[in-house]
Amino acid sequence: MTVRVRFAPSPTGQVHIGNIRTAIFNWLYVRHEGGKFLLRVEDTDRERSTPEALKTVIDALDWLGLDRDEEAMFQSARCDAHLEAAETLLSKGLAYKEDKGKTGKGECIIFRMPGDDMTYHDEVKGDLKKEGKDLKDFVIVRSDGSPVFHLANVIDDIEMNITLIMRGDDHVENTFRHIALYRALGAEIPQYAHLPMIVNAQGKPYSKRDGAAFIGEFRENGYMADALFNYLALLGWSPGGDRELLSRQEMIELFTLDRVRSASSQMDVKKLGFLNGLHLAEQPLNKFMEQVCEANDALEWMNQADPGMFRKVCELLQSRTKTYNQAAEWKYFFVDDIDYAEKAVRKVLKKEDRSGALELLASRMAQLDFSAENIEHAIRATEKEVELGEGKLNQPTRVAITGLATGAGVYETAALLGKERVVARLLYAARELCV
RNA sequence: GCGCCCAUCGUCUAUCGGUUUAGGACACCAGGUUUUCAUCCUGGUAAGCGGGGUUCGACUCCCCGUGGGCGCGCCA
């Protein structure tokens, strides 16, 4: 029998990293096994399940490359099937009607737990058992006639022929109920695998209060899909050995459930950032450029940037970029009116007056055949002339021509900027900023 | 309260009873390279929650304790 797994989100808003991590593990597992990855939209909450929320889910899956193998199932369309199953259980005496008096709407349908002790094997947590006395009957159809999660979930998993259910471990206790339902319905019981939670520094479930928690936020913050995928895959799973930077293909080959941990793990944004830098640097230049543009499409100057120049800037800065959003700093390459980082100006230009040196440098630069090598010589010569130590004029030059204290190599940066801009900025800095 | 689950450096993890002075990565610290910036390189600090067993031998198995998480809805 071919392996079939599903990702079953409720489209009620943003997609949490814990949820998407569950999707990633399901996907990795099924791609490793050569089975089918399916999507079931649990949209029974008609109030909160909006088309926008559904689109958010789809976008998140697509962004991360979690491709599905069949059309999605919508739970809201399955109500009749759920109710029919409830009737079957009722007719077999496996469920009963009762007015628990909580809603004032009359009787609901309650599933009768067999009362036996139950055990099942969890693919990540091992053998789990629960005593019969702790397994209580539960409502499967509300008194208003709507099916409850447990029923809908199981019926749909049966319909979709799901062979392994991988989900968050907050569902561990539900599993006993679900298995009882499977048995009552005479369906083959799937395998189960429960994934530990992603927690914050306090050990509590990681939430938006702890930082970026939704997949859309990471995307907006300039992270790469491959890096987030890699990072999240490593949260609770390890291929063994010392491997961390992994391609999707490698992860597929290496992914097995017996290497999934059953202890919760803490989100570490710094490590994600590190991994992101690695993945970013590995990209082909064209791909990198494309992504930078996409991530910064709100920046007017970038949209209007000369393509040739933009390419050169990307080439120069790719290796030192951690997130796509950092490209917002590259503005000084493309506009005449640049922003100066106040702190850099104060520390590098004002603290010790470099106006004379910069003025002199500007006049030397103006005569130059403008190559990185010649620029370096010009800076060296200027330092000598004004009796500054070697290298002392590098930072002032950088701040003067870029407005920032960090960037690519200053000679290359100046060369790329072009003589006209460099000279103008040096003069401006010497006359206006050094005082 | 009851039930279930979990427990290795600050963090993510390796270790599937013995090749271990517990390895790697992030972070941090110190040097070096870069006559600048970012990288990069080298080194360092840093862990088996406590107590009992089992065993020739335990981080690894068992029990108790402690701590944390989850569950106990006509939510999903």
Side-chain angles (χ1 to χ4, degrees), chain A residues 8-10 12 42-45 48 75 98-110 122 124-126 128-131 133-136 138-150 152-153 167-177 194 196-199 201-205 231 234-245 258-259 261-275 277-278 281 316-322 326 348 376 379-380 383 389-399 402 404-414:
Chain A
S10 298
T12 54
E42 306 215 326
D43 56 347
T44 50
D45 185 337
R48 296 197 295 158
Q75 194 156 64
E98 187 183 305
D99 185 348
K100 293 171 84 174
K102 285 187 182 169
T103 63
K105 287 181 184 170
E107 295 180 316
C108 57
I109 302 176
I110 298 175
D122 193 287
V124 349
K125 292 188 176 294
L128 264 22
K129 56 173 172 285
K130 195 90 173 167
E131 290 186 37
K133 66 175 171 60
D134 295 323
L135 268 4
K136 292 187 291 198
F138 58 97
V139 175
I140 53 177
V141 178
R142 300 185 188 90
S143 51
D144 68 0
S146 61
V148 166
F149 160 75
H150 302 294
N153 198 261
R167 68 223 312 193
D169 72 1
D170 48 331
H171 282 298
V172 169
E173 317 263 339
N174 287 335
T175 304
F176 296 98
R177 296 185 177 131
H194 287 94
M197 317 209 101
I198 295 175
V199 300
Q202 287 72 41
K204 309 276 187 203
Y231 176 74
L234 254 22
L235 221 46
W237 171 76
S238 145
D242 297 331
R243 313 190 57 184
E244 289 199 324
L245 179 66
D258 60 343
R259 295 206 63 92
R261 278 170 61 88
S262 65
S264 55
S265 35
Q266 194 175 311
M267 180 76 188
D268 180 1
V269 186
K270 286 200 174 152
K271 186 146 184 173
L272 168 62
F274 169 80
L275 230 31
L278 253 34
L316 189 61
L317 285 151
Q318 178 174 6
S319 69
R320 53 190 80 204
T321 303
K322 273 245 180 342
Q326 288 177 346
V348 180
E376 183 176 358
I379 294 176
R380 290 295 83 81
E383 283 165 348
E390 286 199 340
K392 293 277 193 243
L393 208 47
N394 275 334
Q395 274 304 77
T397 303
R398 174 189 300 285
V399 174
T402 70
L404 301 172
T406 61
V410 67
Y411 319 127
E412 291 76 11
T413 300

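Residue numbers start from 1 in every chain, and the chains themselves are labelled A, B, ... in the order their sequence lines are given, proteins ahead of strands.
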Task: Closest to the A:F274 side chain, choosing from B:C74, B:C70, B:C26 - done: B:C26
TODO: Answer with yes or no whether the side chains of A:S146 and A:R142 bring together a donor and an acceptor at under 3.5 Å.
DONE: yes
Task: Upstream residue (5' side of RNA chain B) when A:D144 and A:Y411 are each assigned their closest nucleotide - done: A:Y411
Task: Distance test, side-chain N/O of A:R142 to OP1/OP2 of B:A76, below 4.0 Å - done: yes
TODO: May I ask you to say what A:G389 touches in the nucleic acid, namely base, sugar-phosphate or nothing, with a heavy-atom cut-off under 4.0 Å?
DONE: nothing
TODO: Could you check which of B:A38, B:U35, B:C72 has an atom nearest any side-chain atom of A:E390?
DONE: B:U35
Task: Residue pair A:G407 / A:L317: nearest heavy atoms and the distance that separates them - done: C-CD2, 4.4 Å
Open item on the list: Please determine whether any donor N or O and acceptor N or O are separated by less than 3.5 Å between the side chain of A:N174 and the base of B:A76.
Closed with: yes
TODO: Spell out yes or no: do the side chain of A:K271 and the base of B:A25 have one donor N/O and one acceptor N/O closer than 3.5 Å?
DONE: yes
TODO: May I ask you to test the A:M267-A:Y231 pair for a side-chain heavy-atom distance under 4.5 Å?
DONE: yes
Open item on the list: Just so I know, are the side chains of A:L234 and A:K271 near enough to count as touching, which here means a heavy-atom distance under 4.5 Å?
Closed with: no
- [ ] Could you tell me whether A:A408 contacts a base, only the sugar-phosphate backbone, or nothing, with contacts defined as non-hydrogen atoms closer than 4.0 Å?
- [x] base
TODO: For B:A14, take OP1 and OP2 only and decide whether either is under 4.0 Å from a side-chain N or O of A:R261.
DONE: yes
TODO: Provide the closest heavy-atom pair for A:E390 versus A:E383 in the form atom of the first, atom of the second, distance.
DONE: CA-OE1, 3.4 Å
Task: Among B:A76, B:U36, B:C74, the nucleotide that comes nearest once only the side chain of A:T44 is considered - done: B:A76
Task: Distance, P atom - from B:U39 to B:A27, rounded to whole angstrom - done: 9 Å
TODO: For A:S265, report the nucleic acid contact type (base, sugar-phosphate, nothing); a contact means any heavy atom under 4.0 Å.
DONE: sugar-phosphate
TODO: Describe the nucleic acid contact of A:H194 in one word from base, sugar-phosphate, nothing, applying a heavy-atom distance below 4.0 Å.
DONE: nothing
TODO: Test for a donor-acceptor pair under 3.5 Å between the base of B:G68 and the side chain of A:Q202, counting only N and O atoms.
DONE: no
Task: Under-4.0 Å side-chain N/O to phosphate OP1/OP2 contact, A:R243 with B:U13 - done: no
- [ ] Could you tell me whether A:G203 contacts a base, only the sugar-phosphate backbone, or nothing, with contacts defined as non-hydrogen atoms closer than 4.0 Å?
- [x] sugar-phosphate
Open item on the list: Heavy atoms only, 4.0 Å cut-off, all strands: where does A:P196 land among base, sugar-phosphate and nothing?
Closed with: nothing
TODO: Sticking with atom C1', work out how far B:U33 lies from B:A7, rounded to a whole angstrom.
DONE: 42 Å
Task: P-based separation of B:U8 from B:G3 [nearest Å] - done: 25 Å
TODO: Considering only atom C1', compute the distance from B:C59 to B:C16 and round it to an integer number of Å.
DONE: 12 Å
- [ ] Indicate whether OP1 or OP2 belonging to B:U15 is found under 4.0 Å from a side-chain N or O atom of A:R259.
- [x] yes
Task: Between B:G53 and B:C70 - C1' atom distance, rounded Å - done: 30 Å
Open item on the list: Only pairs with both distances under 3.5 Å count, Watson-Crick or wobble alike; so what is the partner of B:U15 in this structure?
Closed with: none
TODO: Mind listing the closest non-hydrogen atom pair of A:L316 and A:A408 along with its distance?
DONE: CG-CB, 3.5 Å
TODO: Give A:T103 one of three labels, base, sugar-phosphate or nothing, depending on what nucleic acid heavy atoms sit under 4.0 Å from its own.
DONE: base
Open item on the list: Quick check for you: among B:G69, B:A76, B:A25, whose closest atom lies nearest to any side-chain atom of A:M197?
Closed with: B:G69
Open item on the list: Between the base of B:U36 and the side chain of A:R398, is there a donor and acceptor pair under 3.5 angstrom?
Closed with: yes
Task: Which residue lies more 5' along RNA chain B, comparing A:L272 with A:K133 via nearest heavy atoms - done: A:K133
Task: Below 4.0 Å: OP1/OP2 of B:C12 and any side-chain N or O of A:S238 - done: no
Open item on the list: Given B:C37, B:G3, B:C6, identify the nucleotide with an atom nearest to the side chain of A:R320.
Closed with: B:C37
- [ ] With P as the reference atom in both, quote the distance from B:G31 to B:G71 in angstrom, rounded to an integer.
- [x] 49 Å
Open item on the list: Please give the distance between the P atoms of B:U54 and B:U60 as a whole number of Å.
Closed with: 15 Å
Open item on the list: Just to be sure I understand the rule, does A:L128 reach a base, reach only the sugar-phosphate, or reach nothing, if contact means heavy atoms closer than 4.0 Å?
Closed with: sugar-phosphate
Open item on the list: For a quick test of reading the model: is some side-chain N or O of A:K100 closer than 4.0 Å to OP1 or OP2 of B:C74?
Closed with: yes
Open item on the list: Taking any heavy-atom pair under 4.0 Å as a contact, classify A:G106: base, sugar-phosphate, or nothing.
Closed with: base
TODO: For the side chain of A:D170, starting at C-beta, report the closest nucleotide among B:U35, B:G69, B:G71.
DONE: B:G71
Task: Polar side-chain contact A:E131-B:G3 base: donor and acceptor under 3.5 Å - done: no
Task: Closest approach of A:R398 to A:L404 (non-hydrogen atoms, all atoms of both residues) - done: CG-O, 3.4 Å
Task: Selection from B:U35, B:C12, B:G71 that lies nearest to any side-chain heavy atom of A:L235 - done: B:C12
Open item on the list: Just to be sure I understand the rule, does A:Q266 reach a base, reach only the sugar-phosphate, or reach nothing, if contact means heavy atoms closer than 4.0 Å?
Closed with: sugar-phosphate
TODO: Kindly indicate whether the side chain of A:S143 and the base of B:C74 share any N or O donor-acceptor pair separated by less than 3.5 Å?
DONE: yes
TODO: Can you tell me, in whole Å, how much space there is between the P of B:A14 and that of B:G73?
DONE: 35 Å
Task: Among B:C37, B:C4, B:G10, the one nearest A:Q395 by side-chain distance - done: B:C37
Open item on the list: Is it the case that the side chains of A:Y411 and A:N394 hold a donor-acceptor pair, with the cut-off being a distance below 3.5 Å and no angle test?
Closed with: yes
- [ ] May I ask which nucleotide in the shown strands pairs with B:C61, Watson-Crick or G-U wobble, both distances under 3.5 Å?
- [x] B:G53
Open item on the list: Using a heavy-atom cut-off of 4.0 Å across all strands, would you classify A:K105 as base, sugar-phosphate, or nothing?
Closed with: nothing
